[in-house]
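In what follows, a single structure is set out as structure tokens and then discussed.
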There are 2 protein chains.
Amino acid sequence: MRAALVVIALFLMAPPAMAVDVQKVVSKSGLEAWLVEDHANPIISLHFAFRGGAALDPDGKEGVADMTASTLDEGAGDMDSQAFQGRLDGSAITLSFKAGHDAITGRVETLTATRDQAFELLHLALTAPRFDQEPVSRIRDQILAALRVSMEDPSKIAGRKLMAVLFPGHPYGRPVEGTPESISAVTIEDIRAFAKGRLARDNLVIGAVGDITPDELSRIIESTFGGLPAKAAPWEIPQTRPASDGRTVVIAKPVPQSAVSFAQQGLKRNDADFYAAFIINHVLGGGGFGSRLFSEVRDKRGLAYSIHSYLYPLDAAALVSGSAGTANAAVAETLRLVREEWRKMAEQGISEKELADTKTYLTGSFPLRFSSSQHIASILVSMQLDSLGIDYLNKRNSYIEAVTLEDANRVARSLLKPETLTMVVVGEPKGLTDNK
Amino acid sequence: MRAALVVIALFLMAPPAMAVDVQKVVSKSGLEAWLVEDHANPIISLHFAFRGGAALDPDGKEGVADMTASTLDEGAGDMDSQAFQGRLDGSAITLSFKAGHDAITGRVETLTATRDQAFELLHLALTAPRFDQEPVSRIRDQILAALRVSMEDPSKIAGRKLMAVLFPGHPYGRPVEGTPESISAVTIEDIRAFAKGRLARDNLVIGAVGDITPDELSRIIESTFGGLPAKAAPWEIPQTRPASDGRTVVIAKPVPQSAVSFAQQGLKRNDADFYAAFIINHVLGGGGFGSRLFSEVRDKRGLAYSIHSYLYPLDAAALVSGSAGTANAAVAETLRLVREEWRKMAEQGISEKELADTKTYLTGSFPLRFSSSQHIASILVSMQLDSLGIDYLNKRNSYIEAVTLEDANRVARSLLKPETLTMVVVGEPKGLTDNK
């Protein structure tokens with residue numbers, strides 16, 4: 001190989017100025033949607049979210065938000081599940097709902113030609129869902145089957161246990177998909193009550209991308225969502241901090257490779273230091289092969305098969321979290337190195353060069369998120385859920401550019417506390433036991 | 001619900017005239033690529049395929065094509081796996097390879113700004129792959145772990161067994177991913193030899209979509225692929241017909257729900273009757289909720305959780321295949337109904353209305369395949385592998401429109417032979433045993 005080829009500079013060219021035009025569309029009754037018009041193909045993606053998700057599941061009924069999301073499209077109006085799904089299918093319309101901790105999200109993908117049918121079906125699902133016995137039983141069985149599989153998956157066990165340890169007695173400590181017991185306890189009345197309380201106009205955000213004009217979208221959001229109640233049931237998730245006190249929890253499972261999940265207190269999406277933390281985390285463990293964790297743990301020592309970290313801001317709490325997959329014999333040393341890199345970052349911060357490289361990467365790779373209309377529609381919804389402002393897409397890179405080395409290292413110092421890292425290990429880690 | 005809403009006509013509007021401009025680009029030395037220019041985002045997708053895939057695995061070394069594809073991007077030139085993956089990762093470049101029965105396919109997704117780096121890395125992977133001991137061992141372990149999981153999955157067991165029963169002694173009867181034994185037998189020399197024999201210019205097709213001009217693409221395909229050998233190692237896969245003789249094979253596995261796979265002789269992609277068969281299959285079991293199999297087996301009787309059929313043309317054989325998931329108690333009745341619908345279709349064909357509805361659906365939903373640049377790039381490669389012609393995208397709907405009721409029913413009669421359907425059941429089906 002010619003030597004010159006090895007010197008592959010990243011993003012040598014300035015990222016092209018990308019002006020994404022997001023329009024605010026307001027309907028007759030005041031419903032709002034954000035729109036990116038794109039008439040290149042006769043396709044429309046409409047994504048939306050109702051604030052308030054699985055964290056609002058009643059105690060003992062964990063999983064009801066998830067079951068509600070999974071059964072909303074299983075029959076509506078005078079159409080049973082078969083008839084309703086048949087309509088979607090016959091017109092090649094995608095309609096689906098999903099529950100997260102903080103919101104119920106939904107999406108419609110349709111051809112322009114079947115636009116009105118698609119939104120009428122969505123309208124029915126939202127305003128006249130049936131929750132018939134047959135689909136509810138069937139979906140419950142499917143969720144139970146998926147739960148059985150995930151309860152054998154070391155990394156999923158570790159992730160669930162980590163949240164339970166970090167948030168005892170708080171809704172975030174409970175799994176979105178529930179447990180076999182709680183899922184079995186959920187009744188059709190629970191589902192009906194959950195949908196009734198959550199699907200409303202005041203907790204709704206909407207993003208649309210594709211072959212539709214602002215006028216058409218205005219009319220459609222009115223006819224689709226205008227019939228919902230004005231207000232969702234009152235809700236509040238207590239703000240909380242994770243109980244991260246440096247504990248290591250070991251769950252014994254006979255597998256050759258241990259799954260590790262770890263976390264400490266993080267910062268919220270609207271924190272003024274979010275972008276500094278974003279950069280710090282990229283250098284620490286977010287930047288894939290280039291990150292310090294990857295370099296120290298996998299590249300130099302070959303201890304782990306995978307290792308990474310990420311910021312995980314929720315509405316009522318925030319984490320810096322991470323995970324690793326490692327041979328049982330290497331778990332203890334891997335955990336030691338994670339804490340060590342955490343400490344080094346807190347004490348010494350990052351270098352001018354790391355800052356510059358990370359900025360170049362994060363700003364340069366941003367356009368990759370715009371490779372399909374579904375991705376863009378989903379971003380438009382997140383922007384609204386996170387109150388990022390309608391001009392966010394065009395300003396986002398400037399927020400990253402604005403982070404100084406001083407900002408970054410100040411945030412590293414104040415944020416990262418290796419002695420607080422809570423770790424969950426699932427496997428047969430050698431020489432490692434619960435430490436508290 | 002207002003009654004008028006129930007009358008949801010499908011695709012009432014004529015599908016918009018969609019002229020996708022595919023350009024033929026030829027490099028200095030005569031390499032050819034098909035290109036859809038799209039400068040809306042600074043992103044380029046380049047997909048490609050080398051004809052000749054896992055069907056060429058040497059006996060006892062099944063899985064070598066798959067392992068070759070999985071290790072091609074694990075180090076090249078003077079970069080080991082870490083360094084090579086680090087370059088990709090640091091520039092947010094996606095590069096991956098995959099093996100199928102008939103081809104090794106690959107794809108690059110890159111920002112315009114990192115285009116030259118991306119294609120230089122692809123060039124190195126193709127012309128100077130390293131196949132070092134570490135990544136080969138690691139990938140082998142990953143494939144073995146995935147195999148262990150899939151060997152517990154009833155539908156995957158059924159699918160693999162069906163191919164083994166249909167194609168005994170023929171390469172198509174062997175799994176692309178190999179077996180634990182064959183994977184363990186594959187050496188680095190086997191991988192090296194496979195890559196050397198397969199990666200050449202005369203069996204290569206290329207499709208590109210995105211922010212690149214024909215001149216730039218011409219230069220890039222020359223520098224990327226021009227250094228490959230002119231000719232692949234000679235290869236031939238014997239043309240064959242599936243041994244489908246009406247056999248039912250039962251594999252006992254203690255699960256509440258049986259997985260069923262079935263197939264009979266099909267027709268090749270270049271068969272003059274392909275579009276008629278495509279329509280027939282859509283009505284029979286390809287059209288999701290609207291299909292006859294779905295309607296009879298699931299909708300009216302609730303026997304199966306899922307059921308569908310599809311055309312499966314390969315280079316050297318062809319199937320009409322299908323699958324179902326059904327409670328153990330309902331398997332026998334489900335299989336009976338599949339044969340019954342098969343027979344009805346062969347004897348009575350489809351109606352004028354079914355023909356018209358299917359044409360409207362298949363032509364109207366076609367634009368949904370164009371929702372991302374990756375999808376389009378992948379279609380451009382398939383078009384070339386299947387010799388469909390550069391104007392296929394704009395002609396495809398006319399091929400479907402041209403099918404007459406007489407064509408459709410003639411093909412139903414000649415193609416569908418319920419007595420030949422071979423079926424594999426994995427589970428604990430009640431009252432069902434091997435019938436041969």
Side-chain angles (χ1 to χ4, degrees), chain A residues 1 3 5-6 8-16 18 38 40-43 45 76-79 82 85-92 109 111-114 116-117 120-121 124 128 134 138 142 145 257 287-290 294 298-299 302 305 357 361 364-365 367-368 370-375, chain B residues 1 3 5-6 8-16 18 38 40-43 45 76-79 82 85-92 109 111-114 116-117 120-121 124 128 134 138 142 145 257 287-290 294 298-299 302 305 357 361 364-365 367-368 370-375:
Chain A
M1 200 183 63
L5 299 176
V6 183
I8 296 178
L10 308 185
F11 305 110
L12 276 180
M13 293 152 59
M18 185 185 52
D38 174 4
N41 284 305
I43 301 172
S45 294
D78 64 2
M79 285 175 277
Q82 304 282 4
Q85 289 287 325
R87 297 274 187 204
L88 293 173
D89 202 58
S91 294
E109 323 285 351
L111 289 160
T112 310
T114 53
D116 293 344
Q117 295 92 303
E120 181 51 30
L121 289 167
L124 286 173
E134 183 278 323
R138 175 166 41 83
Q142 286 173 5
Q257 182 179 335
F289 280 71
F294 193 92
R298 175 168 156 169
D299 201 352
Y305 301 112
D357 288 351
Y361 180 90
S365 60
L368 287 173
F370 298 86
S371 66
S372 79
S373 46
Q374 291 101 301
H375 286 157
Chain B
M1 201 185 61
L5 299 176
V6 183
I8 296 180
L10 307 185
F11 305 107
L12 276 180
M13 293 150 60
M18 185 186 51
D38 174 4
N41 284 305
I43 301 172
S45 294
D78 63 3
M79 285 176 277
Q82 303 282 1
Q85 288 287 325
R87 298 271 186 205
L88 293 172
D89 202 59
S91 294
E109 321 286 349
L111 290 159
T112 310
T114 52
D116 293 343
Q117 293 93 303
E120 181 52 30
L121 288 167
L124 285 173
E134 183 279 323
R138 176 166 41 81
Q142 287 172 5
Q257 182 179 334
F289 280 71
F294 193 92
R298 174 169 158 170
D299 201 352
Y305 301 111
D357 288 351
Y361 180 91
S365 60
L368 287 172
F370 298 84
S371 65
S372 78
S373 45
Q374 291 101 300
H375 285 157

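Please read all numbers here as calculations on a predicted model, not as lab measurements. Each chain gets a letter, A, B and so on, in the order the sequences are listed, and its residues count up from 1.
- For A:Ile43, the part lying under 4.5 angstrom from a heavy atom of chain B is the side chain only.
- For chain B, no part of A:Gln142 is nearby; none of its heavy atoms comes within less than 4.5 Å.
- Scanning both residues, B:Pro367 and A:Leu111, for their nearest heavy atoms gives CB-CD2, 3.8 Å.
- Here the closest non-hydrogen pair linking B:Phe294 and B:Gly288 is CB-O, 3.2 Å.
- Of the atoms belonging to A:Arg298, heavy atoms from both backbone and side chain fall under 4.5 Å from chain B.
- Note: B:Asp89 CG to A:Tyr361 OH = 5.5 Å, rounded to the nearest 0.5 Å.
- Residues B:Glu109 and B:Gln374 are in side-chain contact: their nearest non-hydrogen atoms beyond the backbone lie under 4.5 Å apart.
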